[in-house]
Amino acid sequence: MTVKIGINGFGRMGRLGLRAGWAHNGYEITHINEPAGAADQAAHLLEFDSVHGRWSLPVAAGATNLDIDGRVVSYSQEAEPGAVPWRELGVDIVVECSGKFRTPATLQPHFDQGAKK
């Protein structure tokens, strides 16, 4: 069984988390939420990192998704975690990388929208 992963916050930590976990067996990154930029900006920043260099996998953007090495990852720009429909997206675990939601109370909207962990 593959565990579906969502990333909330696609700044430096979110992008490095995706790079680090992309090829691991047993789970699949399926959705990214980043309110600060569109998918084309996220694709560019994912591919070209000022410290780690250019990522070897091809990255392209659609209006509401990223295409990473031929695999489509949906993309949204919601400012509040309660606005991301994690359940509808099939996400099991949300990796909170925004740095804004750090207490049980502020993380609760992720769970209310269907995240299991």
Side-chain angles (χ1 to χ4, degrees):
M1 178 177 145
T2 301
V3 177
K4 307 275 181 162
I5 305 291
I7 297 175
N8 189 60
F10 206 56
R12 183 131 183 102
M13 293 298 104
R15 292 190 306 270
L16 291 178
L18 184 141
R19 279 183 172 210
W22 186 254
H24 284 272
N25 292 328
Y27 62 91
E28 177 183 359
I29 299 167
T30 60
H31 186 78
I32 297 165
N33 181 60
E34 172 53 61
D40 59 339
Q41 295 166 323
H44 178 81
L45 292 171
L46 177 61
E47 185 173 0
F48 300 98
D49 187 277
S50 60
V51 174
H52 298 282
R54 187 173 185 169
W55 200 22
S56 62
L57 298 178
V59 180
T64 59
N65 63 59
L66 298 181
D67 183 318
I68 304 170
D69 197 27
R71 195 164 85 205
V72 176
V73 176
S74 58
Y75 188 89
S76 61
Q77 292 182 268
E78 301 295 344
E80 296 299 321
V84 182
W86 299 115
R87 182 179 298 105
E88 293 173 23
L89 294 164
V91 170
D92 299 310
I93 297 174
V94 175
V95 180
E96 175 54 58
C97 296
S98 72
K100 295 177 184 177
F101 308 104
R102 297 180 289 198
T103 66
T106 59
L107 291 168
Q108 187 60 45
H110 288 305
F111 299 112
D112 294 343
Q113 289 300 323
K116 295 176 183 127
K117 292 184 181 188

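- A donor-acceptor pair is defined here as one N or O able to donate and one able to accept, closer than 3.5 Å; such a pair exists between the side chain of Glu34 and the backbone of Ala36.
- The distance from atom CG of Leu18 to atom CG of Leu66, rounded to the nearest 0.5 Å, is 8.0 Å.
- With hydrogens and angles ignored, the 3.5 Å screen pairs no side-chain donor or acceptor of Thr64 with any backbone N or O of Ser76.
- The CZ atom of Phe111 sits 12.0 Å away from the NZ atom of Lys116 when rounded to the nearest 0.5 Å.
- Formation of a donor-acceptor pair under 3.5 Å by the Asp69 side chain with backbone atoms of Leu57 is not found in this model.
- Although no hydrogens or angles enter the test, the distance criterion places no donor-acceptor pair under 3.5 Å between the side chain of Gln113 and the main chain of Ala115.
- To the nearest 0.5 Å, atoms CD1 (Ile93) and OH (Tyr27) are separated by 9.5 Å.
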Taking only distance into account, with no hydrogens and no angle test, what donor-acceptor pairs under 3.5 Å do side-chain atoms of residues 39-48 form with protein atoms, sequence neighbours excluded?
{"unit_1": "Gln41", "atom_1": "OE1", "unit_2": "Ala38", "atom_2": "N", "d": "2.7"}
{"unit_1": "Glu47", "atom_1": "OE2", "unit_2": "Arg54", "atom_2": "NE", "d": "3.1"}
{"unit_1": "Glu47", "atom_1": "OE2", "unit_2": "Arg54", "atom_2": "NH2", "d": "2.8"}

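- In this structure, Asp92 contributes its side chain and Lys4 its backbone to a donor-acceptor pair below 3.5 Å.
- From Glu80, atom CD reaches atom CG of Asn33 across 10.0 Å, with rounding to the nearest 0.5 Å.
- Going from atom OH of Tyr75 over to atom CD1 of Ile7 covers 11.0 Å, rounded to the nearest 0.5 Å.
- Considering SG of Cys97 and CZ of Arg12, their distance stands at 12.5 Å, rounded to 0.5 Å.
- Among Glu96, Arg102, Lys100, the single residue meeting the side chain to side chain donor-acceptor pair (under 3.5 Å) criterion with Ser98 is Glu96.
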